[in-house]
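Below is one structure, written out as structure tokens, with a few remarks after it.
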Amino acid sequence: MKAIFAILLFPLLATAQPTVRNAFPGLSFTLPMDIQISQGVPDTLFVAERAGIIRRFHNSPDVTLSQIFLNISGRVTTTGEGGILGFALHPNYPITGHVYVSYTRASPYRSVLSRFSTHPTNPQVLDADSEVILIELIQPFTNHNGGQIRFGPDGYLYVAFGDGGGTGDPNNHAQNRTNLFGTILRLDVDQTQGSLAYAIPSDNPYVDNVSGWREEIFSYGLRNPFRFSFDSETGDLWAGDVGQSRLEEVNIIQSGGNYGWRVMEGTLCYNPASACDTSGKELPVFEYGLPGAQSITGGFVYRGKNSDQDGRYFFGDYISGQIWSIAYNEGPFANDLQSVGAINRFSLVCFGEDHQGELYLCSFDGSIYTIDMGEAVSVEDSKEVIINSSLHQNYPNPFNPSTKISFQLQASSITHLTIYDLLGREVAVLVDSMMPSGSHQVSFDASDLPSGVYLYRLNVNGSVQTRKMMLMK
């Protein structure tokens, strides 16, 4: 069982307060539900509208036009919590032309996962008649559909389903691995297997089980993992799981992990109400029960241009419209919840990121907002700092016992590269001298250090950048 923790890194920079603003004031959407990108289509954002339309547009603050990318409004029902709930462009979309869409359909009410392909005469749009259905899941209720889908760094498609709805998971779906409710699935959509329109990765946790558990399942015990995302740097899978009434959860999803519902709601017993069996349950890395905030919208770990906010997980609440961030790392540290701002109540339904790692969010008021992270300013000098260096992620990471750290200088500079532990204690100095311009690489030998997360800090003429690395012995 994991403990709840989040950390505040020791201050290396003065933190600029993030703010929320309308990213595209010249555009308006009808109940925008999800926002996505394709790495192969630069400077373009795709937004799904709840009733069945996906639009594409140029990522520019002065954009005024969007183009319909897909229209399946005749197939989508918005009853209850339904609609287009998520979509994902294939990692090789410019080559495959495939886009995957998660939506709800009526008669009977069901969740549908489908693949669409580019139109044969217009590669800028999808052909609505090209639909290939991968999964249909009959829903007993019209809430807790889940619906987020994303490709992981491993190239597989991850799919979230809620517990089937109602109150308190009346059928105990989420603890029953013979069905797909209350799960995150992991699918190989580039292959087929038997009668399936996809294949099951051979390293899924329940492959070849003899208990009748669905082999598509990657994790289970979730109530309504409405939104999840991957950290673009570490590959960690973060999910916001909507609570019943007392606690909202932030989870880091592990292969084969059981996240407790309906036995537990966050760290509390739910059914039974006391003395519940917590063995084998993964606890959230963060949870909250705040007045007026009762429906988490999971977000992203920030990996954009502002190093002050690097590694912080941004998320919000649909009911209150509030937006927060937390810093996280493994270890017994206190929570570090910071308020970012708020939008309208009953409005915040998704987060997204662009090609540069900047964050956006969908609002039912028709707007796409961005979180303006501000500029990083050093503690020692409140004037503008010109960033004349770049610090790269160490390789390999995790490592044992040594790793290489690379950085680049735009000009000859006094350079300091220092290693710290998570208590802020200096454990090694790798560079402390004048260095010429160009690319540099140094080795860090941690043979004498214990396993854990360490920070490496590059200080070039007062401009400071920090990254994390993990030593695993």
Side-chain angles (χ1 to χ4, degrees), residues 17-37 44-73 76-87 101-104 142-148 224 226-229 240 242 248 288 290-300 302 314-325 339-354 358-374:
Q17 179 64 36
T19 56
V20 180
R21 60 176 173 81
N22 192 334
F24 309 105
L27 292 179
S28 182
F29 301 88
T30 303
L31 301 178
M33 283 293 292
D34 198 12
I35 184 167
Q36 298 289 341
I37 62 171
T44 300
L45 296 176
F46 299 82
V47 170
E49 297 177 320
R50 183 180 181 186
I53 292 175
I54 300 177
R55 297 181 179 274
R56 61 183 294 169
F57 59 93
H58 183 62
N59 184 7
S60 173
D62 57 0
V63 64
T64 58
L65 296 174
S66 65
Q67 176 188 14
I68 292 180
F69 184 56
L70 175 67
N71 186 347
I72 55 170
S73 54
V76 174
T77 180
T78 58
T79 299
E81 296 177 359
I84 285 188
L85 301 178
F87 70 104
V101 181
S102 168
Y103 68 97
T104 54
T142 61
N143 60 336
H144 303 182
N145 302 306
Q148 184 77 74
N224 190 22
F226 180 53
R227 295 298 179 214
F228 68 81
S229 67
V242 180
E248 306 295 309
Y288 68 90
L290 300 173
Q294 297 177 326
S295 182
I296 189 172
T297 300
F300 279 79
Y302 178 71
F314 286 76
F315 64 102
D317 191 274
Y318 170 76
I319 301 295
S320 70
Q322 294 172 284
I323 302 163
W324 305 281
S325 72
S339 176
V340 175
I343 61 173
N344 293 335
R345 287 168 53 82
F346 303 99
S347 178
L348 176 58
V349 291
C350 88
F351 285 77
E353 62 180 354
D354 66 13
E358 300 304 318
L359 300 186
Y360 298 82
L361 53 94
C362 299
S363 171
F364 272 177
D365 66 12
S367 297
I368 303 298
Y369 293 90
T370 187
I371 301 178
D372 189 343
M373 300 296 175

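Computed over heavy atoms, backbone and side chain alike; hydrogens, waters and symmetry mates excluded. The first residue in the sequence is number 1, and the count goes up from there. The shown structure was predicted, so the numbers you read here are calculated from the model rather than taken from an experiment.
- Between the side chains of Tyr302 and Glu358, at least one donor N or O sits under 3.5 Å from an acceptor N or O.
- Between Ile84 and Ala48, the closest heavy-atom pair is CG2-CB, 3.6 Å.
- The closest donor-acceptor contact from the side chain of Asn344 to the backbone of Ser347 lies at 3.5 Å or more, if one exists at all.
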Report task. Start with the C-alpha gap between Phe46 and Phe69, add the side-chain angles, then the distance that decides, and say whether ring-ring contact (aromatic ring centres under 6.0 Å, His included) holds. Result -> CA-CA 8 Å; Phe46 299 82; Phe69 184 56; 4.9 Å; yes
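- Rounded to the nearest 0.5 Å, atoms CD1 (Ile323) and CZ (Phe314) are 9.5 Å apart.
- Closest heavy-atom contact between Pro32 and Ser367: CG-O, 4.2 Å.
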Query raised in the report: Could you go step by step and tell me if Arg56 and Leu45 meet the side chain to side chain contact (heavy atoms under 4.5 Å, CB included) rule?
Result: CA-CA 6 Å; Arg56 61 183 294 169; Leu45 296 176; over 6 Å; no
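- By the 4.5 Å heavy-atom criterion applied to side chains, Leu348 and Tyr369 are not counted as neighbours.
- The backbone N or O of Ile53 sits nowhere less than 3.5 Å from a side-chain atom of Ser73 that would complete a donor-acceptor pair.
- Nearest heavy-atom pair across Tyr288 and Ser295 is OH-C, 4.1 Å.
- Not a single salt bridge (Lys or Arg N to Asp or Glu O under 4.0 Å) links Glu81 to another residue, sequence neighbours left out.
- For Ser363 (side chain) and Ile368 (main-chain N/O), no donor-acceptor pair under 3.5 Å exists by modelled atom type.
- Remark: side-chain polar atoms of Arg50 are not paired, donor with acceptor, to backbone N or O of Thr30 under 3.5 angstrom.
- Aromatic ring centres of Phe29 and Phe57: separated by under 6.0 Å.
- Between Val340 and Ile371 there is a side-chain heavy-atom pair separated by less than 4.5 Å.
- Within the model, atoms CD1 of Ile72 and CD1 of Ile54 stand 6.5 Å from one another, a figure rounded to the nearest 0.5 Å.
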**Report entry** Test side chain to side chain contact (heavy atoms under 4.5 Å, CB included) applied to Arg227 and Cys350, step by step
**Finding:** CA-CA 7 Å; Arg227 295 298 179 214; Cys350 88; 3.6 Å; yes
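- Note on ring orientation: taking the six-membered ring where Trp is involved, the planes of Phe346 and Tyr318 are perpendicular (angle over 60°, cut-offs 30° and 60°).
- Contact detail for Cys362 and Met33: the closest heavy-atom pair is SG-C, 4.1 Å.
- Contact annotation: the side chain of Thr79 never approaches that of Thr104 to less than 4.5 Å [non-hydrogen atoms, C-beta and beyond].
- For the pair Ser66 (side chain) and Arg55 (backbone), a donor-acceptor distance under 3.5 Å is absent.
- Asp354 and Tyr360 get closest at one heavy-atom pair: OD2-OH, 3.0 Å.
- Between the side chain of Thr370 and the main chain of Leu359, a donor-acceptor pair closer than 3.5 Å is present.
- For the atom pair CD1 (Ile296) and CD1 (Ile319), the distance works out to 12.5 Å, reported to the nearest 0.5 Å.
- Contact between Asn22 and Phe24 at its shortest, heavy atoms only, is OD1-N, 3.1 Å.
- Checking side-chain atoms of Thr78 against main-chain N and O of Ala51 turns up no donor-acceptor pair under 3.5 Å.
- Atom CZ of Phe228 and atom CZ of Phe300 lie 9.5 Å apart (nearest 0.5 Å).
- No donor-acceptor pair closer than 3.5 Å links the side chain of Asn224 to the backbone N or O of Val242.
- To the nearest 0.5 Å, atom CH2 of residue Trp324 and atom CG of residue Asp317 are 4.5 Å apart.
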